[in-house]
Amino acid sequence: MAPNLEDRNSVFEFVVRQGNGVKGLVDSGLSTVPEAYVQPPEERIDKENAIKYDLPPIDLSKLDGHGPDHDEVANQIVRAVETLGFFQVVNHGVPLHLLESLKVSAHYFFSLPPQRKAVYLADVSPSPLVKYGTSYIPEKEKALGWKDYILMQYTNDDEALQYWPQEIKELLLEYLRSSTGMVKKLLQVTLGNLGVKPDDSMIDVLIGKKMLSMIFYPICPNPDLTLGVGRHSDIGTFTVLLQDEVGGLYVKIEQDTGYGKKGDWILIPPTPNALVINVGDMLQILSNGKYKSAEHIVCTSSTNSRVSVPIFIMPRETTKIAPLPQVVEKDGISVYKEFVYVDYMNKVFANALDGKKSLDFAKISPA
């Protein structure tokens, strides 16, 4: 039975607890956004005046050699992580047919009957490795996010094949395998720029935990009132993102740059055959603040549903994280304290999204 759209508890029960998601809400025939999804004015952005990111994607195939091409691409990556914290890449090693298949499969998965997806709700899922849900932490949010998702933790191939949804598991495993080499190259470049030559064991630690998600943003009758995802930064090392042709990803400029002024929002437009890369909080901390994890949001659309497929690359949970000694020695001061990564995760996952405030957990307070 469709919920009473004017009753937040009724909407919450239908969307969150029963597992119908925002997709079920839209399918019930609503013509306006329920109050539970209306964002406070200060959380919305002026999309009409947002800057459009117009730099061409970075060609990662040039990292395979040596010489001026390699150095120029490395410099492009470094400039991006030092300023915006977001960039797009092509020739990344992920087969192009796979990117298309992932988008098709995401639309297919979220078109399944609610009861097929609800088997992965947190309290009934056959494995803690798989979770189907909506918004971010619905119980703690002032306004809900206009999205549904399926989230999978990767431990090993056998467990993925056993527990991940049948409709998408093979494609997601291929996506993860084919993107790992790219992530390692990006770490070699970014850490190398900090004066560190990472060996395989160091890289393996920094990419030791991986989570994959398929996210569905249904058509929204009032996109100016809602957000798919509110202001946040990602908590890992890097995020690899496949977005479809609809778009809606906006990044906040942290400091005055050639992109725009501090506080401006910039649209990261869909680019054929490209993947989006963004810096996570851990890379900002390892660099002692030299690299910027990007605060970003996702807006909704009144004309098209949108899908995206991120891979969240994170350190192993037991990893001790702190600014790299080589950077601290050069800077003369450490901006962040040492902590165990799982403690940072637990802090972030216990609270609603709030820009980059998660980094406060690691900051060293002035004396």
Side-chain angles (χ1 to χ4, degrees), residues 5-9 11-12 15-16 21-23 25-26 30 32-53 84-86 133-149 213 215-235 239 241 243 246-255 259-269 276 278-281 292-306 308 310 347-361:
L5 298 180
E6 296 180 1
D7 181 347
R8 186 182 178 102
N9 290 332
V11 170
F12 192 94
V15 173
V16 179
V22 184
K23 173 76 163 53
L25 204 58
V26 172
L30 83 173
T32 59
V33 167
E35 189 65 30
Y37 288 90
V38 176
Q39 294 287 336
E42 63 272 15
E43 294 298 324
R44 307 172 206 165
I45 68 167
D46 182 1
K47 291 180 283 189
E48 295 298 320
N49 290 314
I51 302 163
K52 186 175 180 181
Y53 181 86
L84 195 59
F86 260 84
T134 188
S135 195
Y136 179 65
I137 306 179
E139 296 79 6
K140 297 197 173 187
E141 292 170 309
K142 295 178 182 176
L144 299 175
W146 197 263
K147 73 162 188 178
D148 301 328
Y149 67 86
S213 187
I215 307 174
F216 183 71
Y217 304 91
I219 288 176
C220 179
N222 306 105
D224 291 339
L225 300 179
T226 62
L227 289 172
V229 185
R231 297 180 301 109
H232 70 289
S233 57
D234 292 345
I235 69 170
T239 299
L241 175 73
Q243 63 169 340
V246 176
L249 174 62
Y250 292 81
V251 179
K252 190 175 184 179
I253 298 175
E254 192 165 316
Q255 59 191 24
Y259 301 114
K261 296 180 180 178
K262 179 180 178 180
D264 287 345
W265 288 92
I266 183 167
L267 170 67
I268 308 295
V276 179
N278 71 277
V279 174
D281 290 349
K292 310 300 181 188
S293 65
E295 182 175 335
H296 55 288
I297 64 171
V298 177
C299 294
T300 57
S301 168
S302 61
T303 55
N304 296 98
S305 296
R306 175 182 185 264
S308 67
K347 177 74 173 178
V348 171
F349 291 154
N351 296 284
L353 299 173
D354 192 7
K356 292 183 66 172
K357 284 194 175 178
S358 53
L359 280 163
D360 292 346
F361 172 83

If you look at every heavy atom in [X] and [Y], which pair is closest and at what distance?
X: Ser213; Y: Ile215; answer: OG-CG1, 3.5 Å
X: Trp146; Y: Pro218; answer: NE1-O, 3.0 Å
X: Leu84; Y: Ala294; answer: O-CB, 3.4 Å
X: Tyr217; Y: Ser308; answer: CE1-OG, 3.8 Å
X: Val246; Y: Ser305; answer: CG2-O, 3.4 Å
X: Asp281; Y: Ser233; answer: OD1-OG, 2.9 Å

Side chains of [X] and [Y], heavy atoms from C-beta outward: is any pair under 4.5 Å?
X: Tyr53; Y: Tyr259; value: yes
X: Lys147; Y: Val22; value: no
X: Ile266; Y: Lys52; value: no
X: Val26; Y: Leu30; value: yes
X: Arg44; Y: Leu227; value: no
X: Ser302; Y: Pro223; value: yes
X: Val16; Y: Ser135; value: no

Open item on the list: Under a 4.0 Å threshold between the charged nitrogen and the carboxylate oxygen, would Lys357 count as salt-bridged to Asp354?
Closed with: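 The answer is yes: the pair qualifies as a salt bridge.
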Task: Under-4.0 Å salt bridge between Lys356 and Glu295 - done: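 Salt bridge absent between Lys356 and Glu295.
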Open item on the list: Tell me if the centroids of the rings in Tyr250 and His296 come within less than 6.0 Å of each other.
Closed with: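 Centroid separation for Tyr250 and His296: 6.0 Å or greater.
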Task: Residues, nucleotides or ligands: over 12 heavy atoms within 6.0 Å of Glu6 CD - done: no
TODO: Could you tell me whether Glu35 atom CD has more than 12 heavy atoms of other residues or ligands within 6.0 Å of it?
DONE: no
- [ ] Output all residues satisfying side chain to side chain contact (heavy atoms under 4.5 Å, CB included) with Lys262, sequence neighbours left out; order by chain, then residue number.
- [x]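 Once residues adjacent in sequence are excluded, the partners of Lys262 under the side chain to side chain contact (heavy atoms under 4.5 Å, CB included) criterion are Asp256.
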Task: Residues in side chain to side chain contact (heavy atoms under 4.5 Å, CB included) contact with Pro40, at least two apart in sequence or another chain - done: Glu42, Glu43, Ala143
- [ ] Using side chain to side chain contact (heavy atoms under 4.5 Å, CB included) as the criterion, point out the one residue from Val279, Leu241, Asn278 that pairs with Asp234.
- [x]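 Checked Val279, Leu241, Asn278 against Asp234; only one passes side chain to side chain contact (heavy atoms under 4.5 Å, CB included): Asn278.
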Open item on the list: Testing Ile45, Ile297, Leu353 one by one against Arg231 for a side chain to side chain contact (heavy atoms under 4.5 Å, CB included), which residue passes?
Closed with: Ile297
- [ ] Compute whether any side-chain donor of one residue and acceptor of the other, for Gln39 and Thr226, lie under 3.5 angstrom apart.
- [x]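 No donor-acceptor contact under 3.5 Å links the two side chains.
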Task: Side-chain donor-acceptor pair present, Asn222, Thr32, cut-off under 3.5 Å - done: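 No.
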- [ ] Please step through side-chain contact (heavy atoms from CB on, under 4.5 Å) for the pair Ser293 and Leu359, ending with a clear verdict.
- [x] CA-CA 10 Å; Ser293 65; Leu359 280 163; 3.9 Å; yes
Task: Residues Asp224, Lys47; criterion salt bridge (charged side-chain N to carboxylate O under 4.0 Å, His left out); working and verdict - done: CA-CA 9 Å; Asp224 291 339; Lys47 291 180 283 189; 3.5 Å; yes
